[in-house]
Amino acid sequence: MRVPAFSPAKALFPLRLFLGLTFVYAGIQKLSDPGFLHAGAPTYIGTQLHGFASGTPGGFILETFASPIPIVAGVGVAVTEILIGLLVTAGLFTRIAAACGLGLNLLLFLTASWHTTPYFLGPDLVFTFAWLPFVLAGSAGQPALDTAVIRIPRERERGARLEAFEGSGEVAPLDLSTRRVLLAELAGVAVAIAGVSTLLKGSYSPAKSFASGAKAGKAGKAGPPSPKQAAGGSAQSAQGGSAQAPSLPKGAVKLGPGSRLPSGEAATYTDPGDGSPDILIRDSGGNLKAFSAVCTHAGCTVGYAEGTIVCPCHGGEYSSETGEVIAGPPPAPLAPKQVVEAGGQIYAVPS
Ligand code: FES
């Protein structure tokens with residue numbers, strides 16, 4: 001059976017649809033994330049911008065234009081992604097929209113994906129080159145509004161010219177004024193989609209912090225618990241063991257009451273040894289687990305969502321049981337930390 005050969009332009013049509021729809025989805029996904037605009041959430045845009053800018057060649061651009069206004073930047077990027085996606089999908093102002101998409105992905109390659117090794121595992125470089133054919137050639141030869149045939153002219157004065165096109169069998173370009181009207185309409189659709197996405201997002205429950213307002217080292221040095229505490233409380237290592245403890249490890253620092261951390265929730269605290277952020281998780285069995293909260297990929301601070309430790313910067317995921325990498329680019333597991341629960345209080349042990 002002979003497979004019909006497509007023209008190069010038509011063969012690129014599926015790629016154009018993929019890029020357009022993916023950008024629409026990316027914008028919706030950002031705005032429907034309850035943590036995206038919520039400071040302190042693992043996926044907060046401000047945290048992401050900080051991570052993207054850290055030690056990357058494009059970081060100064062983010063630090064100059066986006067980091068000072070993270071909410072505006074986050075919403076702006078999401079709405080822009082939706083608009084680019086709609087324009088590219090419809091094939092309207094395709095070259096301009098594709099150039100904007102290329103610019104956005106190039107900036108992400110120089111920031112968000114910069115630390116990804118090997119380099120070809122970072123998606124932004126692939127997206128950058130995927131945009132290039134549409135920057136160079138637009139949607140010529142493909143189904144697109146840029147080259148749509150107007151069969152029923154709405155304005156009398158345009159009728160004769162358009163009929164001439166129909167008679168000749170050629171493709172009639174849309175008037176610039178018409179394209180501008182369509183652009184305005186698609187911009188309105190983009191804003192409407194952004195609004196609906198924002199409304200659909202659920203509420204965000206802020207992560208607990210045992211170090212808020214004070215460094216952990218100042219939260220209260222713990223001496224050995226009183227005999228009453230020792231008799232009534234249990235000490236529990238961060239690795240899940242449970243045993244009676246007559247005294248606390250040397251240098252243990254009180255973080256707060258264990259009742260503040262129900263099963264299935266996490267909290268952050270400052271490591272009393274080196275001052276770095278750590279994450280503390282109580283699993284479904286009531287055991288405490290603690291790990292360094294510094295992502296081993298590029299140093300972003302990890303968070304906790306739906307039973308998994310997640311990194312907001314490049315999608316790294318770690319097991320909340322072992323700290324092992326389960327997804328994304330992190331090259332190594334999170335370092336385990338030791339915490340102890342005794343007398344109803346949780347204590348961090350310096351690492
Ligand atoms: S810093 Fe890249 S995945 Fe965490």
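As the structure lists them, so they are numbered: ligands from 1, and atoms in each ligand from 1. Residue numbers run from 1 in the order of the sequence given.
- Looking at Thr111, its side chain never comes within 3.5 Å of a backbone N or O of Phe52 through a donor-acceptor pair.
- Among all non-hydrogen protein atoms, the one lying nearest atom 1 (S) of ligand 1 is Ala298 N, 3.2 Å.
- Set against the non-hydrogen atoms of Gly316, the atoms of ligand 1 under 4.0 Å away are 3 (S).
- In summary, Lys30 and Glu81 engage in a salt bridge, as defined by a charged side-chain N under 4.0 Å from a carboxylate O.
- Arg179 has a carboxylate O that lies under 4.0 Å from a charged side-chain N of Asp146, or vice versa, which qualifies the two as a salt bridge.
- With hydrogens and angles ignored, the 3.5 Å screen pairs no side-chain donor or acceptor of Arg95 with any backbone N or O of Phe134.
- Less than 4.0 angstrom separates some heavy atom of Cys311 from each of these atoms of ligand 1: 1 (S), 3 (S), 4 (Fe).
- Taking the N/O/S atoms of His297 in turn, the shortest distance to atom 2 (Fe) of ligand 1 belongs to ND1.
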